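Being a predicted model, the structure only gives us computed values, none of them experimental. First the proteins, then the strands, lettered A, B, ... as listed; each starts at 1.
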Amino acid sequence: MQILALIRERFATVLSELIEDPKLRASSLERIVPSREPQLADYQANIAMPLQKPLGKPPLEIAQSIVDRLNLTDICSSVSIAGAGYINLKLSPDWLAKELDQAYIDPRVGVTSVKEPKTVVVDYSSPNVAKPMHVGHIRSTVIGDSIAKVMRFLGHKVITDNHLGDWGTQFGMIIYGYKHFRNEDDYRARPVAELSRLYRRVQSVIAYQAAVASIPRLEQGVENAHRKVQLATEKLNAAPNDKKTQKEVAAANNGLKQASEELASTQEKIAQAQSNPELLQDSERHPTLNEKVLGETAALHRGDKANLALWDEFLPHCQDEIHSVYRRLNIVFDHEFGESYYHDMLPAVIEELFAKSLAVPSDGAVCVFLPGFDAPMIVQKQDGAYLYATTDIATALFREREFGPDVSLYVVDHRQSEHFNKLFAVLEKIGLVHTQFKHVSFGTVLGTDGKPFKTRSGSVVGLESLLDEAVDRAWQVVCDPNRLKVAGLEMDDAEKRVVAETVGLGAIKYADLSHNRTSDYVFDMDKMVRLEGNTSAYVQYSYARAQSILRRAVAQDWTPDRWETAPMRLAENIEMSLGLQLSRFEEMLLQSMQDFTPNLITEYLFDLARLFSSFLDQCQVLKADTEREAFSRLKLTALVGRTLKQGLELLGIGVVDRM
RNA sequence: GGGCUCAUAGCUCAGUUGGAUAGAGCAACGGAUUUCUAAUCCGUAGGUCGAAGGUUCGAAUCCUUCUGGGCCUGCCA
């Protein structure tokens, strides 16, 4: 149901008589929007004011001439002019009720399929398989999954692909660790845990060695910063009132502070590592470990039999682990073409780049220089190894052959935006002009300390235990015996488990999706499982209340077949508001996919749930004055429930009938 | 140095692409209940939209400058 589109059509016929310039007409139509002032209007047209100059008439006069020609009598109960020239529309409750009657008999709750479906590839999640998954992975996974679901629901042909990091340096780490540090018994008993331990062990030695190696550079940096401060201070003494010099001193001091802090924190890391005898011993016995690991990786890529055999052996275990997470999150991909899948195609990529005069040798590496970028895109290293940029090009070429997408989305965090800008520039030069590439970037997941989770440093909470914790807390709140008793819900343990799982996982997903994806977001378990306010639990709870009423209706013999065919009526203001919100479901979905912002969906669902609560507060459903009224309200309740369920489903969040 | 990005209520965040008096949630305060599930509803209070200019009918939103964070910046992904 697209009421806005219908209203715009009506305006379009009028505007074609008043405005000659087609561009001006189009921009005017876009100024017809859902009202920002629900008290005054349902929809508003802000078109008269900007036409003041082009038409050379006062806005109120323009607005009046538009209103005079408009034919909206079937749709609207009132069309009025207000303020500086706003045209305010109020929908007719009778007309809206009929539209909702139509939506009700539609399994898609009134959402039509797009007229021109596009083939859309969504690349999301894409973890490195050998590293344990952590909170940092959740954004790409949850946001990407939701975008894919919504696009598919809207009628597009969607292909999801989990671009697994199954071929990178981390395998060199595990292979090296396996060769030197493995505990055979542990490996046999629990391969994934052992591999993960090996990864961490190797990784921490490399981090330690890198920290030690960086000390001279950091010390030099502090010294340089000192000198800068001295120079700037002397300059300031010579000219105490020069503002530019004052700034220089401040900047120099700031630089010194930063350099000192970096040195101090690195020294602290080293000190911490040195209190760990096992790590020190590893480091002594395996100097320059990073190079050795790169050597193992290079050997793997060269086709070294032993390493390849190990890779073949490790990969299924690693995949099992991440698949168990996806199973739990209820996420299924169409494809999982990991990086390794493209390995054989990489030489051809380099050849093609040379053939098209895009690539040039530089400092022993192969680079693509691009206008507007300081640094080139490096596609082959000095040692001959390929990089993720190379793989990304190969992937895009493969997807072009295989799927021929109109749109290709990369749901990856914002730190890689420059990489994608370069990638898209290269792809265009190669000739992939048919596809619209888009980096759907998102902010960093921060800890409660406000600092980003860093894959390579410190102890990171594993994703699995995080999910466990959320479910655990959901259980404590939702399945509290006192609460269930008061609510009159008797649940066995099996039902409780389902409820806790649904609410707990929903909390994590919803918290993520409800933030504007472009901003950084603080992962705070305490807040998201509090189950109050703008949370998944509130929306899920509203759904459960709706189901409860429908159950009670059946119990008093008001089965759906009796009221489903009855006409809906939007008599009370709150019913009208609720109906209006229901009618905007499709518009909202289209809006949210315009720039791929799922937070519009959570916002919509939260608003819908709140309106529903107000409705239940103000209107009796089962004890309505007349049966006719009760039937209408039952229908409204059912439609709210279905819309909530459908909306949550598009976010990858489930519902339960009782909670 | 260059580039990207962010700054909105005490806290966490929205803000429909430039529209009317800047909105929610949490926290605070005051009301409502023999509940169709109170995980609720209604209300009060809380703001120099980081700062200063500019663009125009109109700016949190656009342009410039400044301040302060975050990120990226040739051989990780």
Separation between the C1' atoms of B/A52 and B/A59, rounded to whole Å: 15 Å

Atom P, compared across B/G1 and B/A9: separation rounded to whole Å: 30 Å

Separation of the C1' atoms in B/U61 and B/G2, to the nearest angstrom: 27 Å

Sugar-phosphate only, base, or nothing, as touched by A/Val33 at under 4.0 Å among non-hydrogen atoms: sugar-phosphate

Centroid-centroid distance, A/Tyr342 to A/His163, less than 6.0 Å: yes

Ring-face cation of A/Arg584 near A/Tyr43 (centre distance under 6.0 Å, axis angle within 45°): yes

A/Tyr410 ring center near A/Phe424 ring center (under 6.0 Å): yes

Touch class at under 4.0 angstrom, heavy-atom based, for A/Asn534 against every strand present: sugar-phosphate

Distance test, side-chain N/O of A/Arg610 to OP1/OP2 of B/G25, below 4.0 Å: yes

Any donor-acceptor N or O pair under 3.5 Å, side chains A/Asp161, A/Tyr124: no

A/Pro376 vs A/Leu489, nearer the 5' end of RNA chain B by closest nucleotide: A/Leu489

Whole-Å P distance, B/C62 and B/G43: 33 Å

Sugar-phosphate only, base, or nothing, as touched by A/Gln620 at under 4.0 Å among non-hydrogen atoms: base

Presence of donor-acceptor pair under 3.5 Å, side chain of A/Asn88 and base of B/A20: yes

Sugar-phosphate, base or nothing in reach of A/Asp480, heavy atoms under 4.0 Å: nothing

Donor-acceptor pair under 3.5 Å, A/Tyr388 side chain vs B/A77 base: yes

Sugar-phosphate only, base, or nothing, as touched by A/Asp363 at under 4.0 Å among non-hydrogen atoms: base

Rounded distance in Å - CG (A/Leu616) to C1' (B/A39): 14 Å

Base-pairing assignment for B/C4 (Watson-Crick or G-U wobble, both under 3.5 Å): B/G70

Touch class at under 4.0 angstrom, heavy-atom based, for A/Gln618 against every strand present: nothing

N-glycosidic conformation, B/U17 - syn within 90 degrees of 0, else anti: syn

C1' atoms of B/A60 and B/U8, separation to the nearest Å: 7 Å

Sugar-phosphate only, base, or nothing, as touched by A/Pro50 at under 4.0 Å among non-hydrogen atoms: base

Note, A/Leu590 side chain near A/Gln2 side chain (heavy atom, < 4.5 Å): yes

Touch class at under 4.0 angstrom, heavy-atom based, for A/Ser548 against every strand present: base

Between P of B/U73 and CE of A/Met377, the distance in whole Å: 13 Å

A/Asp123/A/Lys438 ion pair, N-O < 4.0 Å: no

Near-parallel close stack of A/Tyr86 and B/A20 base (under 5.5 Å, under 30°): yes

Centroid-centroid under 6.0 Å between A/Trp558 and A/Phe631 rings: yes

Sugar-phosphate, base or nothing in reach of A/Gln382, heavy atoms under 4.0 Å: base

Nearest-Å distance for atom pair CG/C1', residues A/Leu589 and B/U16: 14 Å

Sugar-phosphate only, base, or nothing, as touched by A/Tyr538 at under 4.0 Å among non-hydrogen atoms: sugar-phosphate

Sugar-phosphate, base or nothing in reach of A/Gln170, heavy atoms under 4.0 Å: nothing

Earlier contact from the 5' end, RNA chain B, for A/Ser614 and A/Phe606: A/Phe606

Donor/acceptor link under 3.5 angstrom from A/Ser362 side chain onto base of B/G74: yes

P spacing across the pair B/U56 / B/A22, given as an integer number of angstrom: 24 Å

Assigned partner base of B/C75, Watson-Crick or wobble definition, under 3.5 Å: none

Atom-pair distance (NZ on A/Lys485; C1' on B/A39), nearest Å: 19 Å

Touch class at under 4.0 angstrom, heavy-atom based, for A/Val412 against every strand present: nothing

